[in-house]
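Down below is the structure, laid out as structure tokens.
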Amino acid sequence: MKISLSLAAGGLAALAAVNPAAASSVEQALSEYEGHDPVYKAETLAYSPAPNYSGAPSLTPLTRQSVQGTLDDETYKTRHLWLWQRLSKRTVNESLIHEATVVKESGTESIDPFFNEGGLGAFSEAEFDRIFTQAKFVSENIEVPDTAAVIKGGFDGGASVLETRTRLGIKHLLGRMERWLIEGDSGVSTLQIDGFRKAILARGVVKDMKGNAPTTEAIEDVVGELQSDGRFALDLEAFTDPRVKRVLTTLDAAAGRYPKDRGGVVSRIGGPSDVLLTTEYGDAPVYSMPLIGMPDGFSLVEVGQGPPAGTPVVIGAPSVGAATGSRFYAGDVGEYDYVFVPVGDKGTGAPIYVNNVTVGSAGDAPTFTLGDTAKSMAKNTNGMYRYWRVYRTEPDKTSLGYIGQFARAGVGTNTTWTDLNHRRPFKRPIFIGQFDEECLLWVQVMEMIRRPLAQVQSSIPFMLQLWGNLFFKQPQKWGIIENCAVRVT
């Protein structure tokens, strides 16, 4: 239980007038007792340092506090955080590792269920998988001036900048997490979570629209696979970029299949769905997810804050030739521009441009070699980088769009990467699957914390800290329709 010194301030002041030494001892004892709480529950986001026994406010640093209540509030109110809102969540406190047992087979399929009278058939063996996930560390680091922390301003009905920045910081952090729930890949960087895309590409159903608008046939193919023997996915739901969802409604209307009415039922999370996929086991609603993956375009504003000059350079011209798994088709033949951006613990480095890369034939693919200048990979050091983000144009070379990420090979080791055209710029996926705790959930370690950082000047730095991971237990019950056009042409 937390004991508030402010409640005892009047009594301590009276005691101090008679016996200052005794008052000081009582105040110290109360402070030590209060310090036994592992995490204080924040009753307010405002700057509220503990007063001393005289009742005068002190200028102590921020106290480490749980802001889980604010996290839950922002999760509910922020409508564009569709995936984060929709995920089932489980809080654990014992370990950074969370385990679960998943049933692979309920019994032995190859054994006949029949037996002779008076006899005994073969025993059936069930098969289980023991799987686990490890918590990742997520944060938003913020700094506000001292005066802004204590003076009420014109924000949110008179809130201080500290309160406002805390709320906005939580909202911004959740928005970034929304993207990484899709794009994360611990194989690229051990700091990342493993998101929807990685899990489904490994074990789910995959369909590639090759940059075209999604079709009813493609959707039915994926749904049929998900509901077939071996996957048995039920109660399907789908989510995609709002523009792709608009393409679905446009195509439905053009084909005479108008979106079905949900009878006026409005879902608080994700909003009402005006598109339903008809399946063998009922209709699957389609929801809009605005933050479905990384931002479309490349911007210099987003880079150059991390590794300094001396980052690797491309060695020679990229080689282009026939490649296994290439999805460059006849319509993709042309000339492309690329940008590679190194990413480290301190931010992103200067971009490297590779222009006029020609793919001359269907089935070809360009391979790039990025020289390594022995920059450090030691965590949290300036100049280090862990992986690369890649941006590419379409053959018209008008705009650069995000197409993926890949890991750095190591210190002093050149990194090679081949663009097989599995990701196309400015195209978006449709995800379809069984959205319940049996398949996936967010495992969170402890509550979200606002913790102080070392104060070395007249400003207050603090960290919004969240520990957890996406636990994708049964990705085989999910599918992805890749590279969907965001408008009908």
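Basis for what follows: all heavy atoms, side chains included, without hydrogens, waters or symmetry-related copies.
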Original post:
Hey, does the Lys NZ or Arg CZ of Lys89 hover above the aromatic six-ring of Trp84, less than 6.0 Å from the centre and inside 45° of the axis?
Top reply: yes

Residues pairing under salt bridge (Lys or Arg N to Asp or Glu O under 4.0 Å) where one sits in residues 426-443, two or more places apart or in two chains, turn out to be Arg90-Glu437, Asp241-Arg428, Asp296-Arg428, Glu394-Lys427

Look at the side chain of Lys136 and the backbone N and O of Thr190, then say whether any donor-acceptor pair between them is shorter than 3.5 Å. yes

Tell me whether the centres of the aromatic rings in Phe132 and His98 are closer together than 6.0 Å. no

Practice prompt. Say whether Asn483 and Asp208, considering side chains only, have a donor N or O and an acceptor N or O under 3.5 Å apart.
Written response: yes

Is there a donor-acceptor pair under 3.5 Å between the side chain of Ser95 and the backbone N or O of Ile97?
yes

Original post:
Without hydrogens or angle criteria, can the side chains of Thr369 and Asn414 be said to hold a donor-acceptor pair below 3.5 Å?
Top reply: no

d(Leu181 CG, Ile193 CD1) to nearest 0.5 Å is 4.5 Å

Inset, instruction - Could you tell me whether the side chain of Glu140 reaches within less than 4.5 Å of the side chain of Lys171, counting heavy atoms only? - result: no

Between Gln434 and Ala233, the two heavy atoms sitting closest are OE1-CA, 3.4 Å

Given the rule in the side chain to side chain contact (heavy atoms under 4.5 Å, CB included) test, do Ile480 and Ile430 qualify, once you have shown the distances and angles that lead to the verdict?
CA-CA 6 Å; Ile480 179 175; Ile430 300 174; over 6 Å; no

message: A side-chain contact here means heavy atoms from C-beta on lying under 4.5 Å apart; do Leu470 and Leu440 qualify?
response: yes

Margin query: Before you tell me yes or no, could you show the steps for Leu248 and Ile219 under side chain to side chain contact (heavy atoms under 4.5 Å, CB included), namely the whole-Å CA-CA distance, both residues' side-chain angles and the distance that decides it to 0.1 Å?
Written below: CA-CA 10 Å; Leu248 291 175; Ile219 294 171; 3.7 Å; yes

Taken to the nearest 0.5 Å, the spacing of Leu174 CG from Leu291 CG works out to 10.5 Å

Verdict with reasoning, Val247 to Val486, per side chain to side chain contact (heavy atoms under 4.5 Å, CB included)
CA-CA 7 Å; Val247 170; Val486 297; 5.8 Å; no

Nearest heavy-atom approach of Arg203 to Gln476 is NH2-OE1, 3.1 Å

Q) Under 3.5 Å, side chain of Ser139 to main-chain N/O of Leu464, donor-acceptor pair present? A) no

Taking the six-membered ring for Trp and the single ring otherwise, decide whether the centroids of Phe196 and Trp478 are under 6.0 Å apart. yes

Is it true that Tyr353 and Tyr338 have ring centroids separated by less than 6.0 Å? no

Thr413-Asp372 side chain donor-acceptor pair, cut-off 3.5 Å: no

Correct closest heavy-atom pair for Ile432 and Ala238 would be CG1-CB, 3.8 Å

Output for pair (Ile481 CD1, Thr240 OG1), nearest 0.5 Å, gives 8.5 Å

What I'd like to find out is whether the side chain of Leu96 reaches to under 4.5 Å of the side chain of Phe137, using heavy atoms alone.
yes

Is the closest side-chain heavy-atom distance between Gln455 and Ile460 below 4.5 Å?
yes

task: Applying side chain to side chain contact (heavy atoms under 4.5 Å, CB included), run through Ile352 and Val339 and close with a yes or a no.
output: CA-CA 6 Å; Ile352 297 173; Val339 172; over 6 Å; no

Next on the checklist: Less than 3.5 Å apart, any donor N or O on the side chain of Asn421 or Tyr336 sitting next to an acceptor on the other?
Outcome noted: no

- [ ] May I ask you to establish whether Arg389 and Phe340 are in a cation-pi arrangement, using a distance under 6.0 Å from NZ or CZ to the six-membered ring centre and at most 45° from the ring axis?
- [x] no

Are Arg408 and Tyr387 in a cation-pi setup, meaning NZ or CZ lies under 6.0 angstrom from the ring centre and within 45 degrees of the ring axis?
no

CZ (Arg167) and CG (Leu162) are apart, to the nearest 0.5 Å, by 12.0 Å

Here the gap from Arg179 atom CZ to Ile182 atom CD1, rounded to the nearest 0.5 Å, amounts to 11.0 Å

If you define the side chain from C-beta out and look only at heavy atoms, does anything of Thr367 sit under 4.5 Å from Pro318? no

Could you check whether any side-chain N or O of Asn469 sits under 3.5 Å from a backbone N or O of Gln134, counting only pairs where one atom can act as donor and the other as acceptor?
yes

Test salt bridge (charged side-chain N to carboxylate O under 4.0 Å, His left out), reference Glu482, set Arg327, Arg424, Arg197, output is Arg197

Under a 3.5 Å threshold, yes or no: a donor from one side chain and an acceptor from the other, between Glu143 and Gln457?
yes

Q. So, do Tyr402 and Trp388 have ring centers that fall under 6.0 Å from each other?
A. no

Q) Mind checking whether Arg450 and Met463 have side chains closer than 4.5 Å, heavy atoms only? A) no

Heavy-atom nearest pair, Pro461 first then Ala454, reads CG-O, 3.4 Å

Kindly determine whether Trp442 and Phe471 satisfy ring pair (Phe, Tyr, Trp, His ring centres under 6.0 Å), including the steps that lead there. CA-CA 6 Å; Trp442 172 262; Phe471 199 6; over 10 Å; no

- Query: Can you check whether Val67 reaches Ile449 side chain to side chain, under 4.5 Å on heavy atoms?
  - Reply: no

Note: Val161 and Val144 closest approach over all heavy atoms is CG1-CG1, 3.9 Å

ask   = Is there a side-chain contact between Val341 and Tyr391 (heavy atoms, below 4.5 Å)?
value = yes

Tightest non-hydrogen contact, residues Val357 and Pro366, listed as CG1-CB, 3.7 Å

* Distance only, no hydrogens: is a donor on one side chain within 3.5 Å (strictly under) of an acceptor on the other, for Glu178 and Gln85? -> no

When rounded to the nearest 0.5 Å, the distance separating CG of Asp235 from CD of Glu237 is 8.0 Å

**Asked** Under 3.5 Å, is there a donor-acceptor pair between the Glu183 and Gln405 side chains?
**Response** no

